[in-house]
Each structure stands twice: as C-alpha cells, then as structure tokens.
2 protein chains.
Amino acid sequence: MPNISDVARRAGVSTATVSRFLRGQHVRAADAIRQAVEDLAYRPAAAARSLRSGIHYAIAVVVPDVTNPFFAGLVKGIESVCRSGPYNVFLVNTDESVDLEDSVVADIMHRVDGIILAPATEQDKTPARIKQAGIPVVFADRELPGERFDSVLVDNAGGARAAAVYLAGLGHTRIATISGPLNTTPGRERHEGFVTGAEDLGIALPDEYIQIADFREAGGYQAMLRLLALPEPPTAVFCANNLMTVGALKALYSMRVRVPQDLSIVGFDDLDLASLLWPPLTVIDRPTVEQGVLAARLLLARLAGHGSPEPQRVVLSTRLIERASCTAPPAGRAGQGR
Amino acid sequence: MPNISDVARRAGVSTATVSRFLRGQHVRAADAIRQAVEDLAYRPAAAARSLRSGIHYAIAVVVPDVTNPFFAGLVKGIESVCRSGPYNVFLVNTDESVDLEDSVVADIMHRVDGIILAPATEQDKTPARIKQAGIPVVFADRELPGERFDSVLVDNAGGARAAAVYLAGLGHTRIATISGPLNTTPGRERHEGFVTGAEDLGIALPDEYIQIADFREAGGYQAMLRLLALPEPPTAVFCANNLMTVGALKALYSMRVRVPQDLSIVGFDDLDLASLLWPPLTVIDRPTVEQGVLAARLLLARLAGHGSPEPQRVVLSTRLIERASCTAPPAGRAGQGR
DNA sequence: GTGAAAGCGCTAACAT
DNA sequence: ATGTTAGCGCTTTCAC
C-alpha cells in the first residue's frame with residue numbers, strides 16, 4: 001500500500017503539497033500529483049488522517065433493529081442526503097439491547113464525526129457517553145427525558161389517539177391495545193395517546209385489555225393470543241408498531257379469527273404489503289424516509305457548524321390510512337362491554 | 001478526552017503497561033490501571049490504535065439494499081456470530097449501484113479488517129480493489145466469475161428449476177418468468193435454472209414471456225403489467241426475488257387478476273408475511289440467517305488465520321414452500337399455449 | 001504556493 | 001513483568 005510520501009516522490013513535490021492537493025486546495029503540480037495518485041492507486045489511510053486531524057469523514061446510524069421496515073426507510077432517507085457529502089454512513093444494529101447499544105456506541109464514538117441514534121430505551125446512559133465525547137448526535141424516533149438534543153420525532157400520541165377515535169367511531173367499546181415498552185418514547189406516547197384518547201370518548205380500557213409487549217413480532221403474537229383467551233375478548237385492537245401487528249395477525253390467522261368480522265385491527269406504521277394482506281390493513285402511517293432526511297440534515301448542519309445553538313426538535317405528523325381491517329363490532333357483541 | 005499517558009500517570013506505570021493491560025495481558029498494577037481507566041472514563045482512540053497496529057477491530061458488510069428482507073436476515077446472522085468477538089460490524093448500503101459500491105468500498109477498505117460483500121453485479125471492479133488492499137473478503141449471495149474467493153451461496157438454479165417443475169406438474173404450459181439482472185449471480189442462475197428447467201420438460205418460453213427486471217419492487221410491477229398486456233398472457237409466473245414478487249402481486253391486485261384462479265405465481269425468497277397474504281404465497285425459500293452465520297464464520301476464520309489456504313465455496317440448498325398461490329391453469333386456457 | 005518538521009495516540013521492539 | 005523509544009501516515013504550523 002503506497003503512502004503519501006510515495007506519491008510526493010513520484011510527483012516531485014513534498015508531502016505537504018500532496019496533502020493540500022487532496023484537500024482540494026490549488027497547487028501548481030496538480031496534474032503531476034493526480035497522475036501519481038492514479039499510477040499508484042493511492043488512497044489516504046483513514047486512520048492516519050483521523051488521528052492527525054480529528055475528522056473521520058463518517059457518521060454512524062445506530063438503530064435497534066435493521067429488520068424493522070421502519071428503520072430501513074429511515075436509513076434510506078439518511079443515505080440519500082449523505083450520498084452527496086463527504087461522509088460515509090455506517091449502520092449499526094443494537095438488537096433492542098441497552099447493553100449492546102452502550103458498548104457499541106462507546107466503540108464507534110471514536111470512529112465517526114456524528115451519530116444518528118434511535119435509542120433502545122429512555123433509561124439510556126448512551127447519550128451521556130456521546131456528550132462526553134463531544135460529537136453531535138441527533139435522536140431519531142426516540143427521545144430522552146430531561147436532556148435536550150436535536151431530534152426528529154413523530155406525533156405518536158396524536159396518531160394513537162386518532163386510532164382510538166376511529167375505532168370508537170365505528171361503534172367499538174371493547175377496545176384493547178398491544179403497546180410497546182413504556183420506557184421507550186414511541187412505546188409510552190402511543191400507549192398514552194391511545195388510552196387517553198379512548199378515555200376522552202368515555203371508554204375505559206380494563207387492565208386485561210392492556211397488553212404491554214416488546215415491539216417484536218413474537219411479542220405481538222403472544223399478546224394477541226392472551227387477548228383472545230379472555231372470557232370477553234375485545235372487538236377491536238390497536239397494535240403499537242408494524243412488527244407486533246404482523247405477530248397479531250398471525251395469531252388471529254392461527255386461531256381462525258376473521259378480520260374484520262370478528263375483530264377489527266389498526267396498526268401503527270404502514271407495512272409495504274399492507275394493501276395486499278387479507279383484509280388490507282388499516283394503519284397509522286408516518287413519513288419514514290422523510291424522518292431520515294430531516295435527521296441527516298440536522299446532523300450535517302451541526303457538523304458544518306451551521307446549526308443553531310439550541311437543539312432543534314422536529315415532530316412529523318401521522319395520518320390514518322383506511323383500508324379494510326376495521327368495521328363495526330359484531331352484532332351480538334356491540335356495546336356489551338359497557 | 002484523556003489519552004493513554006493520562007491513565008499511565010494516574011496509575012503510576014508506563015504507557016506500555018497500560019497498553020498491555022488493555023490487550024488482556026497480565027500486569028501487576030492491574031487494579032490501579034482499571035481504576036484509572038474508570039476514573040478518567042478512558043477509551044483508546046481507535047484511529048491511533050489502527051494506525052500503529054494495522055488492526056481496526058471492525059468488519060464491514062456491504063449489501064445492495066438494506067430494505068430487502070433477505071439482506072436483513074443475512075445481517076442478523078452475521079451479527080449473531082460477531083457479537084461475541086472483538087469485531088464491530090458496520091453495515092454499508094450500495095443501493096444496487098456499482099459506482100457507489102466501488103467508491104464506498106475504496107473508502108472503507110482502510111477502516112476495517114475484513115469485508116462481507118454482496119456485490120452489485122458480476123462485472124465488478126470492487127474485488128480487485130479489495131484484493132489489492134490485501135484484506136479478506138467473503139462473498140455472500142453473489143459471486144464473481146473467474147476469481148475464486150470465499151463465498152456462501154444458495155442453489156439458485158436448483159431452486160428456480162424446482163419452481164418450473166412444480167408449475168409444469170400443475171399442468172401449466174404458458175409459463176413466464178420475471179427475472180433479475182442477468183449480470184448478477186442470482187439473476188443469471190435463477191433465470192437459467194427456470195428456463196432450462198422448463199425446457200427439459202418440453203416447455204419453451206417465448207421471448208415475450210421472459211421479462212428481465214431489476215430485483216426491485218417497481219421492476220416487478222412493470223414486468224407483470226407487460227405480461228398481462230400480452231394478447232395471450234401466461235397462466236403461471238415465476239418471480240426471481242421477493243421484492244419483484246411484491247411488485248407483481250401489486251400489479252395483479254390493481255388489474256383485478258385473481259390468484260391463483262386466473263394466474264399462478266411462485267416467488268423466489270420467502271416473505272415474512274407470505275402466509276398472511278391472500279392467497280398465501282408459494283415460494284422457494286432459503287436459509288438467510290444461516291447464510292449470514294456461515295459467511296461470518298468464514299471471515300472470522302480468515303481473520304484468525306485459521307482458514308484453509310484455498311477459497312471455500314459453500315452452497316446452501318433451497319426448498320419449495322407450498323402455500324396457495326398456485327393451481328392448475330384455468331380450464332378454457334390450459335394447453336392453449338402449445 | 002511550497003517545504004521542513006513536529007506530533008496526533010498508540011503499539012511493538014528492545015532492553016532490562 | 002516493565003519501561004524506553006521509535007514510528008505508523010497523515011496534517012498543520014511555521015518560515016520562506
């Protein structure tokens with residue numbers, strides 16, 4: 001592997017001149033250097049450059065689950081913005097584990113110039129870490145109480161409330177929720193939005209209609225099974241994220257429960273295949289790619305020093321996509337829950 | 001940010017001793033050093049370490065499309081293996097672009113110790129790059145002609161052939177394929193496997209039944225539309241990957257074509273939601289997570305110097321999962337294609 | 001606009 | 001088992 005001295009020698013200049021040329025400054029021997037770089041297939045050693053300058057030309061995107069289509073969309077948005085800039089984008093998966101997130105972030109902190117983070121939980125020690133390292137961070141989708149950081153969020157509470165209103169409007173009173181972990185921003189906000197939304201309409205959710213799961217498919221599956229095993233099962237269920245919705249649908253399918261005749265279901269987060277399912281799934285949708293775009297812009301602005309001093313907090317709104325997984329409660333059961 | 005000298009001073013030892021301690025060697029002042037590290041919240045600067053030792057403690061996984069559930073599974077397998085080791089896993093997306101892949105790989109080559117690569121095409125200059133850098137690479141899913149590398153593949157041809165046999169066995173003769181790019185390993189192998197599989201059964205695919213798309217959802221959608229617009233549309237279609245299958249299904253749905261009554265469809269690659277679709281989708285499945293596990297093991301073995309000198313080439317087999325998207329051709333049309 | 005030289009933080013010889 | 005020292009490849013004063 002050639003180094004900068006090899007290039008300098010071949011081009012008949014000093015290493016300083018080569019370095020300047022590489023950084024885009026105007027130098028007399030530009031052509032000769034370009035030629036030497038090409039002949040030797042020279043690429044600057046990233047480690048040496050970082051060590052000396054403190055700049056890594058890379059950012060990290062840390063997400064709990066790359067498998068989740070929502071994060072895939074987020075990443076897509078981030079990359080579309082970063083593609084044109086000088087920053088490499090590294091994706092890091094934490095598998096919804098706080099410990100893994102912590103150790104992984106501690107490691108990459110020294111390898112990147114900024115981080116876009118969707119933290120595993122709200123009891124996260126990670127941000128303290130990052131703050132100490134002094135590199136900019138943008139929170140995506142999830143937020144931390146207390147500390148103020150740049151963040152791009154969605155109106156979780158509003159979206160969940162809309163789901164409650166919609167279900168109530170259809171005539172349901174026996175409404176259940178399969179919520180995410182209450183120590184995550186989306187888990188807590190969607191849960192509260194849905195429950196208070198229902199309460200405001202005079203519908204109280206009994207304890208057994210409140211299932212707290214883990215944002216994963218298996219969790220949604222189990223939760224739905226528990227709901228179905230109840231002496232008086234609900235007539236409508238809200239699932240707080242896409243993966244749990246899939247799990248719930250599988251449970252329904254395996255128990256031969258018909259949707260929406262026997263049970264109505266609304267999910268938070270659209271699914272690419274939602275329209276192809278039977279029945280087509282009614283969901284609360286949000287702009288995932290745009291969320292990534294905005295997060296990336298925020299981070300890039302910080303890195304460029306353009307950012308305003310105070311943390312920015314962007315909240316995107318959701319919308320209900322009505323398809324066919326909800327209808328009025330079954331005749332024999334309507335209103336029975338009151 | 002504290003450095004190793006700060007720690008050494010505080011613990012009353014030399015930097016060399018601290019360095020040894022950090023690398024796990026037995027030192028007398030272990031307790032004092034541990035304490036100093038903790039007090040200062042010291043973390044070694046990755047750049048300095050890499051520069052000096054040439055080791056990055058990181059590997060990169062380069063894939064064409066993180067959005068594709070197949071790659072998500074692959075990544076899951078890779079991470080499960082690497083979790084316990086000293087290597088960070090960075091995921092890099094190339095958006096199915098050769099140019100992007102090339103520039104991205106050129107960049108990360110100097111930041112990681114090894115690469116697991118699913119190359120965008122077979123005309124790739126990337127491997128030459130990597131070879132020059134001298135770091136180990138394992139090919140996943142896709143392969144390059146000529147050069148021999150470690151690789152973990154699936155029996156694309158066999159799987160596609162099985163699809164042809166299955167469709168023919170149902171009585172179809174007007175069989176079409178929506179294939180992927182023929183300059184990618186899976187694109188070419190699945191295409192040839194399907195076409196020759198059909199030929200061996202005495203069924204020739206007319207040109208207009210051969211649609212070459214791009215492994216993306218939109219491509220599958222367009223291809224299916226073209227097929228449906230034919231004067232004599234096929235009675236059965238094979239889709240060479242999951243994303244194109246989704247696109248094709250959407251096209252069918254929008255044109256009100258009933259599956260499988262009007263048209264049978266088999267996809268390559270299972271979909272998490274395949275069983276929930278209407279009708280449940282029949283597919284050629286393959287072990288995606290296992291593919292990642294094996295690729296990671298191969299790479300780790302190379303990094304540890306354990307690998308056998310010759311490149312390993314692992315080929316996993318596929319299996320047909322029969323659900324309900326295929327049936328015999330419509331009565332009025334059967335055999336008409338001959 | 002250019003070159004000489006120092007030094008980023010760490011690890012690996014080498015010596016003890 | 002430990003300390004001393006050189007130097008990885010680059011960028012950045014500083015002097016010209």
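Every chain is numbered from 1 and lettered A, B, ... according to where its sequence line falls, protein lines coming before strand lines.
- Straight-line distance from the CD atom of A:Q25 to the P atom of C:dG3: 13 Å, rounded to whole Å.
- Using a 4.0 Å cut-off on heavy atoms, the residues of residues 1-21 of chain A that approach DNA chain D are A:N3, A:I4, A:A16, A:S19, A:R20, listed by number.
- Rounded to the nearest 0.5 Å, atoms CZ (B:R49) and OG (B:S19) are 7.0 Å apart.
- With rounding to whole Å, A:L51 atom CG is found 17 Å from D:dG7 atom P.
- Distance B:I55 CD1 to C:dA12 C1': 11 Å, rounded to the nearest Å.
- A side-chain donor from one of A:E79 and B:N93 sits under 3.5 Å from a side-chain acceptor of the other.
- Regarding B:D31, its CG atom lies at a distance of 16 Å from the P atom of D:dA1, rounded to whole Å.
- Spacing between atom NE2 of A:H56 and atom C1' of C:dC8 amounts to 12 Å, rounded to whole angstrom units.
- Inspection of the B:Q35 and B:D31 side chains reveals no N or O donor paired with an N or O acceptor under 3.5 Å.
- Geometrically, A:K76 does not engage A:F71 in a cation-pi contact defined by less than 6.0 Å to the ring centre and at most 45° from the axis.
- Considering only side-chain N and O atoms, B:R49 lies under 4.0 angstrom from the phosphate OP1 or OP2 of C:dT11.
- The CZ atom of B:R52 sits 12 Å away from the C1' atom of D:dG9 (whole-angstrom rounding).
- Here the shortest heavy-atom pairing between B:A118 and B:R142 reads C-CD, 4.3 Å.
- With A:I115 as reference, A:I108 is the one residue of A:I108, A:I59, A:V61 to meet the side-chain contact (heavy atoms from CB on, under 4.5 Å) rule.
- In this model, the phosphate group of C:dC10 is approached by a side-chain N or O of B:Y42 to a distance below 4.0 Å at OP1 or OP2.
- Residues A:E101 and A:T126 have side chains that bring a donor and an acceptor to within less than 3.5 angstrom of each other.
- Taking atom CZ on B:R111 and atom C1' on D:dG9, their separation rounds to 15 Å, with Å as the unit.
- Put simply, B:R23 has a side-chain N or O that comes within less than 4.0 Å of OP1 or OP2 on C:dA12.
- Taking for each of B:R28 and B:A48 the nucleotide of DNA chain D with the nearest heavy atom, the 5'-most of the two is the partner of B:R28.
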